[in-house]
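Small disclaimer: the values here were computed from a predicted structure and weren't measured.
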Amino acid sequence: MSGRDILGTLLELFSWIGIPLGITFLLVALLVRGVSGRWEETTAVIVRESAPLEARWMAHDGSIHSRVLEDHELEHAADEDALTIYMNPSRPERMRLRRHGGGEQTLWVLTAIFGGVGVLASVAGLIVMFIPE
């Protein structure tokens with residue numbers, strides 16, 4: 001068995017694994033995005049009157065919402081009077097600091113990695129087929 005045959009076999013293996021996993025992660029990421037809904041950008045004011053810092057924001061219907069900031073959010077609000085936040089229009093009492101959650105971002109990265117490896121391996125496998133021995 002020549003080196004070209006081994007390389008072709010490995011590239012085919014990567015394409016057979018990468019493309020289906022990339023498609024699977026893509027479908028799961030789209031499902032998660034659909035379930036979580038859309039998140040709209042707004043500004044929240046940081047209230048420093050109470051012991052735990054609190055964020056208050058106004059929804060599009062004029063209602064005011066607030067919640068205590070969690071530990072990982074406090075570093076973003078340390079010296080700020082206001083924060084750019086994302087709220088869910090269908091549930092305006094929910095807010096977060098990023099438009100997409102960490103799990104959803106991870107799924108998109110895995111989609112890009114596995115899908116990219118699968119497609120690149122397929123293209124490289126086609127190129128290897130045409131290289132003379």
Side-chain angles (χ1 to χ4, degrees):
M1 193 173 220
S2 69
R4 189 184 89 144
D5 292 337
I6 294 172
L7 180 61
T9 303
L10 286 175
L11 289 171
E12 187 172 349
L13 179 68
F14 281 132
S15 66
W16 275 99
I17 292 172
I19 291 175
L21 282 176
I23 291 171
T24 302
F25 283 123
L26 174 67
L27 293 175
V28 173
L30 290 172
L31 179 69
V32 168
R33 180 169 285 181
V35 168
S36 74
R38 68 178 213 269
W39 293 78
E40 294 181 357
E41 184 176 316
T42 190
T43 303
V45 176
I46 305 302
V47 179
R48 300 184 184 279
E49 298 165 357
S50 56
L53 290 182
E54 189 176 309
R56 289 187 186 156
W57 64 95
M58 184 180 296
H60 297 296
D61 63 358
S63 60
I64 296 178
H65 301 278
S66 67
R67 81 164 168 83
V68 174
L69 293 176
E70 297 173 5
D71 291 338
H72 69 277
E73 297 170 331
L74 290 175
E75 62 190 40
H76 296 285
D79 299 326
E80 303 289 329
D81 292 332
L83 282 176
T84 299
I85 63 161
Y86 298 91
M87 69 164 190
N88 190 330
S90 60
R91 295 183 61 196
E93 68 278 0
R94 294 182 61 199
M95 76 90 155
R96 59 185 180 195
L97 297 180
R98 288 192 228 131
R99 185 177 303 271
H100 305 292
E104 185 179 342
Q105 290 175 343
T106 302
L107 287 169
W108 286 111
V109 168
L110 289 172
T111 297
I113 290 171
F114 282 105
V117 166
V119 168
L120 288 175
S122 296
V123 170
L126 288 173
I127 292 172
V128 167
M129 281 182 7
F130 294 107
I131 294 176
E133 283 191 46

Common cluster, Leu97/Trp57, ILVMFWY with side-chain heavy-atom separation under 4.5 Å: yes

Could you tell me if the side chain of Ile19 sits less than 4.5 Å from the side chain of Ser122, heavy atoms only? yes

With a 4.5 Å limit on heavy-atom distance, are the side chains of Phe25 and Leu30 in contact? no

CD of Gln105 to CZ of Arg98, rounded to nearest 0.5 Å, is 5.0 Å

In Å, rounded to the nearest 0.5 Å, how long is the span from OG1 of Thr111 to CG of Leu27? 8.5 Å

Can you see which heavy atom on Ser15 is nearest to which on Ala121, and at what distance? N-CB, 3.8 Å

How many angstroms lie between atom CZ of Arg94 and atom NE2 of His65, to the nearest 0.5 angstrom? 13.0 Å

Taking the side chain as C-beta and beyond, is there a heavy-atom pair between Ile46 and Leu69 under 4.5 Å? yes

Where Thr42 and Met58 come nearest, the two heavy atoms and their spacing: OG1-O, 3.9 Å

Establish whether Leu13 and Phe114 are linked, either directly or via other cluster members, by ILVMFWY side-chain heavy-atom contacts under 4.5 Å. yes

Can you confirm whether more than 12 heavy atoms, excluding those of Phe14, are under 6.0 Å from its CZ atom? no

Taking a hydrophobic cluster as the set of Ile, Leu, Val, Met, Phe, Trp and Tyr residues connected by side-chain heavy atoms closer than 4.5 Å, whether directly or through intermediates, do Leu110 and Ile17 fall within one such cluster? yes

Please check if the side chain of Arg33 supplies one atom and the backbone of Glu104 the other of a donor-acceptor pair under 3.5 Å. no

Would you compute the distance between atom CG of Leu83 and atom OG1 of Thr43 and round it to the nearest 0.5 angstrom? 9.0 Å

Shared hydrophobic cluster, Met95 / Leu53 (ILVMFWY, side-chain heavy atoms < 4.5 Å): yes

Would you say Arg91's side chain and Glu93's backbone share a donor-acceptor pair under 3.5 angstrom? no

Within the side chain of Ser66, is there an N or O that forms a donor-acceptor pair under 3.5 Å with the backbone of Arg56? no

Could you check if a side-chain atom of Arg4 sits within less than 4.5 angstrom of a side-chain atom of Val128, using non-hydrogen atoms only? yes

Value rounded to 0.5 Å, distance of CZ in Arg96 from CD in Glu70: 12.0 Å

Measuring from Met87:CE to Arg38:CZ, what's the distance to the nearest 0.5 Å? 9.0 Å

For the hydrophobic clusters of this structure (ILVMFWY residues joined by side-chain heavy atoms under 4.5 Å, transitively), does one cluster hold both Leu21 and Val28? yes

